> 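Take this structure first; my questions come after.
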Amino acid sequence: MITIEEALKRIAEQEVDPIPDELPLVQSLGSYLSNPITSPFDLPSFDNSAMDGYAVCGEQQTFEIVGEVAAGSTVDNRLEVGQAMRIFTGGRVPENTAAVVMQEKTAVEGTTLKLEEEVVPGKHIRRKGTEIAQDQVVFELGHRITPATIGVLSSLGFGSVSVYQQPAIHVIATGNELVEPGKEKEIGQIYESNSQTLAAALQDQGFYCSGTKTIEDSLEAITDGIEEDLDKCDVLLITGGISVGDYDYVKQALEENGVEEVFYKVMQKPGKPLYFGRRDDQFVFALPGNPASSLTCFYVYVLPLLQRLSGGKGEGLQRLNIPLKEDYEFKSNRPTFLKAHIENGGVTILDGQGSSMIHSMAQGNALVFLDGERLVKKGEAVSCLLI
């Protein structure tokens, strides 16, 4: 059995070789850039109005209205002293514009514009290049594409983007007791939830599960199922069958499929019977069958590797130190990830900490990490992983 730190270290030491790809921008959400992005032009690419109003030339209070500039107009307009043009948000400001005066601060009589405030040079004008300059590095190599990233790249005219391919990921759930949701179950059976939970967690983190299946607890079936999926994926996640029970065949089945163990069993709670192995450029995590254990191990151990395989740094979930809202008596001889809820700058450790209890995890938004039996006092900052 190894420590959490050692397990994470061994995962981080795995050599990976992300594969570059070109994707349509609209399909790139969650991917990592395989090249830095430089701006092909200034943004804004021309001086434009920040609001609806009037472009004026001069600093007097009365102007002659000589035209109008709509957003998208490509006409070259020019103002002389004492002239103004009606202008709309995003419209290209005419040459010689001193400022844009918002329409709420004006009065119009025919072609005469009267101002209700002083002209402030440059006011309400978005200057060319003030957001991004031409040839500026906008995003570095390895930047993860977010909705805002797509907005920036779209505004710079990119229809596609160079990213790293995401790994093909399969999930296998094992167990004779498992029944597909939607079907009738009998006493002694349970509905299979781990594969759907993990598929949802993958999607939530910007990945895609390309295959799931459930296999009965037999060495032959599990060995064959693993062989079939390893032919189709880069990362295989298996839930259940990795402990030391009479029907736990996963570890042996992995060995028979040529998977080399990197580690097995971690000094932690939940998720002690965690397995990580590799076959060539394929990676396998065998996660505990208990739902909360399985999802916790995904967040802590699987996610950083998936990020690295996709061109990211492998930082995993965001971690913050947040004060406890109430005293908590921590009684465990193992380092523990506790389901918790962060609200209004404080964190509460929830009831229902059993490794099979995922309901409390659904009510929470964090995992609190504690190590060493003790009374953790209200107000003490504790390490929280944001889920």
Side-chain angles (χ1 to χ4, degrees), residues 17-59 63 66-81 83-103 105 119-166 206 307-308 310-315 318:
D17 188 19
I19 301 172
D21 196 8
E22 187 82 10
L23 285 181
L25 188 59
V26 294
Q27 297 177 15
S28 67
L29 183 65
S31 298
Y32 293 85
L33 292 176
S34 59
N35 286 309
I37 299 289
T38 57
S39 178
F41 50 78
D42 291 323
L43 189 69
S45 57
F46 52 88
D47 293 350
N48 68 89
S49 177
M51 59 183 55
D52 295 344
Y54 291 85
V56 299
C57 179
E59 298 185 9
F63 296 85
V66 295
E68 180 180 284
V69 183
S73 172
T74 59
V75 176
D76 291 327
N77 291 298
R78 178 185 174 91
L79 291 175
E80 303 296 339
V81 175
Q83 293 182 331
M85 282 189 177
R86 181 80 167 103
I87 194 167
F88 297 91
T89 302
R92 182 182 174 193
V93 298
E95 185 179 349
N96 294 334
T97 295
V100 172
V101 181
M102 61 191 300
Q103 63 185 19
K105 299 295 184 180
V119 174
V120 179
K123 190 172 183 179
H124 301 317
I125 297 176
R126 301 170 180 148
R127 294 297 184 188
K128 176 182 178 181
T130 52
E131 182 176 0
I132 299 173
Q134 182 174 351
D135 298 326
Q136 176 183 332
V137 176
V138 184
F139 298 114
E140 300 285 354
L141 169 72
H143 172 83
R144 185 172 186 265
I145 296 177
T146 65
T149 307
I150 289 177
V152 173
L153 295 179
S154 295
S155 68
L156 292 174
F158 288 88
S160 63
V161 64
S162 296
V163 298
Y164 290 108
Q165 289 182 10
Q166 294 193 349
Q307 291 170 336
R308 290 184 60 227
S310 305
K313 296 179 181 179
E315 296 172 336
Q318 183 180 6

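If you're wondering where the values come from, they're calculated on a predicted model, not measured in any experiment.
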> Restricting to non-hydrogen atoms, name the atom on K128 and the atom on D47 that form the minimum distance, rounded to 0.1 Å.
N-OD1, 2.7 Å

> Where do V152 and I132 land on the side-chain contact (heavy atoms from CB on, under 4.5 Å) test, with the steps shown first?
CA-CA 10 Å; V152 173; I132 299 173; 4.1 Å; yes

> Hey, are the side chains of F63 and C57 touching, using non-hydrogen atoms and a 4.5 Å cut-off?
no

> How long is the straight-line distance from OG of S155 back to CG of L43, given to the nearest 0.5 Å?
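Rounded to the nearest 0.5 Å, the CG-OG separation comes out at 4.5 Å.
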
> Can you find a heavy atom in the side chain of S28 that is under 4.5 Å from one in the side chain of T149?
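They are not in contact (no side-chain heavy atoms under 4.5 Å apart), so the answer is no.
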
> Using salt bridge (charged side-chain N to carboxylate O under 4.0 Å, His left out), reason through R86 and E68 one step at a time and then give a plain yes or no.
CA-CA 4 Å; R86 181 80 167 103; E68 180 180 284; 5.4 Å; no

> So, do E22 and S34 sit near enough that their side-chain heavy atoms are less than 4.5 Å apart?
no

> Is there a side-chain contact between L33 and E140, using heavy atoms and a 4.5 Å cut-off?
no

> Tell me the closest heavy-atom pair linking P18 and Y164, and the distance in Å.
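Of all heavy-atom pairs spanning P18 and Y164, the closest is CB-CD2, 3.4 Å.
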
> Between S49 and M51 (side chain of the first, backbone of the second, donor and acceptor by atom type, cut-off under 3.5 Å), is there such a pair?
yes

> Does some side-chain heavy atom of V101 sit less than 4.5 Å from a side-chain heavy atom of H124?
no

> With rounding to the nearest 0.5 Å, note down the distance linking CD in Q103 to CG in D52.
5.0 Å

> Minimum heavy-atom separation for A55 and P94, please, with both atom names.
CB-CD, 3.8 Å

> Which heavy atom of G58 sits nearest a heavy atom of V119, and at what distance?
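What the structure gives for the nearest pair is O-CG1, 3.6 Å.
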
> For E80, is there any backbone N or O sitting under 3.5 Å from a side-chain donor or acceptor partner on Q83?
yes

> Kindly indicate, with the supporting measurements, whether the criterion side-chain contact (heavy atoms from CB on, under 4.5 Å) is fulfilled by V161 and I37.
CA-CA 9 Å; V161 64; I37 299 289; 4.2 Å; yes

> Rounded at 0.5 Å granularity, tell me how far CD in E131 sits from CG in D42.
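Taking CD in E131 and CG in D42, the distance rounds to 11.5 Å.
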
> Minimum heavy-atom separation for T89 and A50, please, with both atom names.
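For T89 versus A50, the nearest heavy atoms are CG2-O, 3.9 Å.
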
> Rounded to the nearest 0.5 Å, what's the gap from CG on L141 to CG on N35? Could you check?
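So the CG of L141 and the CG of N35 are separated by 7.0 Å.
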
> Kindly determine whether V56 and L79 satisfy side-chain contact (heavy atoms from CB on, under 4.5 Å), including the steps that lead there.
CA-CA 8 Å; V56 299; L79 291 175; 5.7 Å; no

> Give, for atom CZ of F46 and atom CZ of R126, the distance between the pair rounded to the nearest 0.5 Å.
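Reported to 0.5 Å precision, the distance equals 9.5 Å.
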
> Show the numbers, then the answer: is there a side-chain contact (heavy atoms from CB on, under 4.5 Å) between D76 and R92?
CA-CA 9 Å; D76 291 327; R92 182 182 174 193; 2.8 Å; yes

> Given S39, which partner from the list L156, D135, L153 fulfils the side-chain contact (heavy atoms from CB on, under 4.5 Å) test?
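Only match with S39 under side-chain contact (heavy atoms from CB on, under 4.5 Å): L156.
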
> Do P36 and F139 have side chains that get closer than 4.5 Å, going by heavy atoms?
no

> Give a yes or no answer on whether the side chain of Q166 reaches the backbone of G206 with a donor-acceptor pair at less than 3.5 Å.
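Side chain of Q166 to backbone of G206: a pair is present.
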
> Can you name the nearest heavy-atom pair linking L29 to I145, along with the distance?
CD1-O, 3.6 Å

